[in-house]
2 protein chains.
Amino acid sequence: MEKKVTIYDLARELNVSPSTISRALQGHPGVGPELRKTVKRLAAKKAYKVNRNAASLRTKKSRTIAILVPKINDYFFNSVIAGIEIMARENNYTVIISQSNDEYETEVDVVNSLLSLNIDALIVSLSMRAKNYDHFKPFLTGGIPIVSIDRVTEEIMATKVFIDDYGSAYMGAAHLIEQGCRNLAAITGILDLKIYSERVRGFRDAIKDHNLPVREEFIYQCMLLSEDGKKAMDHFFVKPEDAPDGIFCSNDTTAIACIQDCRKRGILVPDDVAIVGFSNDPRSEIIEPNLTTIAQPAIEMGRVACEQAILQINKPKSLITSTDIILKTELVIRDSSRRK
Amino acid sequence: MEKKVTIYDLARELNVSPSTISRALQGHPGVGPELRKTVKRLAAKKAYKVNRNAASLRTKKSRTIAILVPKINDYFFNSVIAGIEIMARENNYTVIISQSNDEYETEVDVVNSLLSLNIDALIVSLSMRAKNYDHFKPFLTGGIPIVSIDRVTEEIMATKVFIDDYGSAYMGAAHLIEQGCRNLAAITGILDLKIYSERVRGFRDAIKDHNLPVREEFIYQCMLLSEDGKKAMDHFFVKPEDAPDGIFCSNDTTAIACIQDCRKRGILVPDDVAIVGFSNDPRSEIIEPNLTTIAQPAIEMGRVACEQAILQINKPKSLITSTDIILKTELVIRDSSRRK
DNA sequence: TATTTTTACACAATCGATTGCGTTTTTTTT
DNA sequence: AAAAAAAACGCAATCGATTGTGTAAAAATA
């Protein structure tokens with residue numbers, strides 16, 4: 001079990017001081033060009049790696065960005081993470097990933113444990129069960145920037161990267177109406193989260209703007225799991241003669257559940273009921289009929305979020321600002337809503 | 001921008017030495033029970049969090065486990081990661097996740113950068129494009145245990161957690177034969193990796209044991225991407241009159257691509273061609289016909305891998321062993337292979 | 001050549017927590 | 001009550017890298 005090589009080892013071998021080694025490796029001026037080369041060569045030869053703990057302790061910078069999302073094994077967040085990872089790697093940052101499982105307590109827990117890790121920034125998508133946001137305050141008072149993605153809130157002073165939820169939902173609902181639907185239903189996530197309330201607002205406005213009635217009982221609030229999709233269908237179809245002919249879902253999981261449930265009930269999609277999902281999950285191209293859905297630029301969102309995080313890290317702390325970055329979505333029309 | 005609270009702050013406030021604070025917080029004997037309570041209370045009140053960098057620097061333990069997988073946004077690895085995350089959290093470990101994108105160079109890159117992070121253990125699934133495994137050596141000589149999962153190799157001295165690839169493939173192929181297939185094809189990953197060569201071996205043996213011929217041209221080696229599935233179909237169907245009537249795929253992505261390609265060609269699944277995939281990806285329950293596939297205990301694999309990592313961390317370094325842990329798989333029979 | 005400026009490096013403090021060892025105080029033993 | 005043992009805590013070194021300041025040598029200037 002060999003010990004790791006330190007700058008002291010290199011210093012001894014070259015008969016210079018450790019400080020010179022450190023400066024040489026960082027390319028500081030004030031170290032002769034020749035010495036610098038010698039040092040770098042020796043460092044490479046002996047497979048020297050900085051001890052990031054030591055460096056972080058001294059500089060109070062860890063070159064680490066933490067990510068906190070509701071679920072790691074979810075297509076959308078996954079892609080966001082992949083995007084962050086790419087940008088982080090390009091900028092020589094390390095990434096730490098955690099999940100809240102959409103539970104408030106876990107979120108608080110994770111956030112607290114991140115506090116001892118000396119991270120440089122936090123990229124977070126809120127859990128569905130938000131109660132308050134006090135657990136994020138130590139970051140802000142500690143000068144650690146927060147970038148909030150997708151599920152954002154005004155209550156945290158943070159750069160926000162998200163999509164035009166209102167417009168996307170409006171687009172989805174309007175599309176259903178254009179396809180001939182007159183009786184729209186929606187499956188939404190918990191309305192405490194702005195992302196979902198905005199989508200419902202867009203959904204409502206699209207209906208109103210087309211002079212159709214908004215049926216409150218056709219707005220089903222849930223955790224957006226597959227079972228919830230089925231429950232929503234049960235709810236919508238208590239009176240089959242007075243059921244919706246178009247469903248706008250706030251994610252693809254519930255949309256797919258609806259399609260599958262329709263098949264069981266012998267309801268034709270899109271002719272009896274047209275369905276639109278949200279996210280453009282890979283499953284949407286596989287389900288029959290293929291699912292019409294709102295495509296979100298997930299990887300791009302990750303990249304941008306990470307970019308913003310790095311920007312904030314390098315900005316004088318007094319200048320912490322709260323930018324909003326809104327990314328474009330796209331309605332991907334497939335067979336689950338296309339009527340001839 | 002408030003400074004973080006340190007043990008020195010607590011020490012000053014209570015008029016004791018920092019060492020006592022440290023011991024009190026760790027529950028050391030040698031600190032009076034009353035003082036300990038007082039310290040803990042004050043620490044909680046002032047929201048003290050240990051500085052893990054400082055602690056790690058001193059103890060050479062970071063309570064951090066690194067994960068390296070080919071792709072983060074892949075269902076299987078995702079679930080493995082989720083499993084690791086759960087076990088890590090239970091044991092108060094932090095997890096760092098990186099991906100190699102199935103490229104050798106990236107893998108080397110990532111591994112090297114992990115070297116400066118002072119991780120306690122590495123859990124790795126190899127990239128498809130393995131050339132050699134020298135980049136892992138510094139961990140072993142440095143006393144940092146490696147747990148190798150799924151895509152393992154004998155060439156690294158590590159605890160290995162994987163499935164019975166030979167048996168699983170045998171089971172899959174035998175099932176196809178039982179369903180009446182006489183002319184089997186296989187889509188496999190790069191055969192340099194044991195995981196794939198074992199599957200092909202199982203595939204071969206199942207055919208042989210049923211006294212059927214193994215057609216070498218029907219074993220298609222690729223990176224297992226969706227496009228590869230289509231290319232494989234082109235390859236298998238150059239002579240449609242002499243094409244396979246059953247395909248065993250080493251992952252679900254290619255299996256799904258095959259089903260979709262069959263539809264385009266007007267080939268009936270499972271009647272003309274029966275198809276079996278590998279992993280039990282969520283998409284396999286959505287594709288029509290539903291995909292028969294080998295279910296792997298991905299989350300369990302993550303849990304076990306993490307458990308093993310923690311075991312190794314706490315073991316005297318001289319005792320580094322190389323256990324093999326083989327997890328059970330299950331053939332999930334669905335419509336893509338079930339013939340009446 | 002004497003003086004100033006520059007260059008190239010060394011010294012030593014510092015970040016915050018941990019821990020072996022030493023010291024003081026209290027308790028136990030004889 | 002004196003001696004020994006135990007308990008409770010402090011001192012100071014340590015982990016490895018960074019960085020402000022100090023100093024000697026080399027180069028530039030007068």
Side-chain angles (χ1 to χ4, degrees), chain A residues 1-40 42-43 46-64 92 115-120 142-143, chain B residues 1-40 42-43 46-64 92 115-120 142-143:
Chain A
M1 220 182 89
E2 295 154 25
K3 277 189 185 167
K4 283 192 183 159
V5 183
T6 71
I7 53 171
Y8 295 92
D9 300 325
L10 301 181
R12 203 175 315 116
E13 195 151 336
L14 292 180
N15 267 315
V16 295
S17 81
S19 47
T20 301
I21 301 285
S22 173
R23 291 193 171 99
L25 291 173
Q26 291 181 70
H28 267 248
V31 173
E34 255 178 85
L35 218 200
R36 172 170 12 194
K37 277 181 200 164
T38 316
V39 169
K40 287 199 173 178
L42 182 66
K46 306 205 91 180
Y48 165 82
K49 311 275 175 199
V50 281
N51 181 323
R52 286 242 237 151
N53 285 312
S56 298
L57 177 58
R58 180 63 227 259
T59 61
K60 306 203 182 241
K61 292 277 165 213
S62 60
R63 290 201 85 81
T64 299
N92 200 25
L115 241 28
S116 49
L117 284 182
N118 187 29
I119 58 170
D120 290 349
Chain B
M1 220 181 88
E2 296 154 24
K3 277 188 185 168
K4 282 191 183 158
V5 183
T6 72
I7 53 172
Y8 295 91
D9 299 326
L10 302 182
R12 205 175 312 116
E13 195 150 337
L14 292 180
N15 267 315
V16 295
S17 81
S19 46
T20 301
I21 300 286
S22 172
R23 290 192 174 101
L25 291 173
Q26 290 180 71
H28 265 248
V31 172
E34 256 178 83
L35 217 199
R36 172 170 15 197
K37 278 181 199 164
T38 316
V39 170
K40 287 196 173 179
L42 182 66
K46 306 205 89 180
Y48 166 82
K49 312 274 176 199
V50 282
N51 181 324
R52 286 242 236 150
N53 285 312
S56 297
L57 177 58
R58 180 62 226 257
T59 62
K60 308 206 181 235
K61 292 278 163 211
S62 59
R63 291 201 85 81
T64 300
N92 199 27
L115 241 27
S116 49
L117 284 183
N118 187 30
I119 58 169
D120 290 349

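Order of the sequence lines fixes the chain letters, A, B, ..., with proteins taken first and strands second; residue numbering starts at 1 for each chain.
A donor-acceptor contact closer than 3.5 angstrom is absent between the side chains of A:Thr64 and A:Asp120.
Here the CG-OH distance, from B:Leu42 to B:Tyr48, works out to 11.5 Å after rounding to the nearest 0.5 Å. Here the CG-NZ distance, from B:Asn53 to A:Lys60, works out to 10.5 Å after rounding to the nearest 0.5 Å.
No engagement by B:Ile21 is indicated, since no non-hydrogen atom pair under 4.0 Å with the nucleic acid exists. Note on A:Arg23: a base of the nucleic acid sits closer than 4.0 angstrom, heavy atoms only. If you check every strand for non-hydrogen atoms under 4.0 Å, B:Gly32 touches sugar and phosphate atoms only.
In this entry the distance linking OH of A:Tyr8 with P of D:dC15 reads 9 Å, nearest Å. Following rounding to the nearest Å, B:Asn118 (CG) and C:dA17 (C1') show an atom-to-atom distance of 14 Å. For the pair B:Arg36 CZ and D:dA7 C1', the interatomic distance rounds to 12 Å; values are reported in whole Å. To the nearest angstrom, P of C:dG20 lies 11 Å from CD of B:Gln26. Taking atom CG of residue A:Leu35 and atom P of nucleotide C:dA8, one finds them 10 Å apart after rounding to whole Å. Per the geometry, NZ belonging to B:Lys4 stands 14 Å off C1' belonging to C:dA17, to the nearest Å. Rounded to a whole Å, the CG atom of B:Asp9 is 8 Å from the P atom of C:dG16. Atom P of nucleotide C:dA17 and atom CZ of B:Arg12 are separated by 12 Å, given to the nearest angstrom.
Counting distance only, with no hydrogens placed and no angle test, the side-chain atoms of B:Ser19 and the base atoms of D:dC11 include a donor-acceptor pair under 3.5 Å.
A close approach under 4.0 Å does occur between a side-chain nitrogen or oxygen of A:Lys60 and OP1 or OP2 of C:dG16. Phosphate proximity of C:dC9 to A:Thr20: absent, as no side-chain N or O sits under 4.0 Å from OP1 or OP2. Within the 4.0 Å cut-off from OP1 or OP2 of C:dA17, at least one side-chain nitrogen or oxygen of B:Tyr48 is found.
Across the interface with DNA chain D, nearest-nucleotide mapping of B:Thr59 and B:Val31 shows B:Val31 to be the residue nearer the 5′ end. Annotation: of the two residues near DNA chain C, B:Asn51 and A:Asn15, the 5′-most nearest-nucleotide partner is A:Asn15. Take the nearest nucleotide of DNA chain D for B:Leu57 and for B:Val16: the residue whose nucleotide is more 5' is B:Val16.
Nucleotide C:dA12 is matched to D:dT19 when pairs are restricted to Watson-Crick or G-U wobble geometry with both distances under 3.5 angstrom.
The one candidate from B:Thr20, B:Val39, B:Val50 that meets the side-chain contact (heavy atoms from CB on, under 4.5 Å) condition with B:Leu25 is B:Val39.
Here the side chain of A:Arg52 pairs no donor or acceptor atom with the backbone of B:Asn118 at under 3.5 angstrom.
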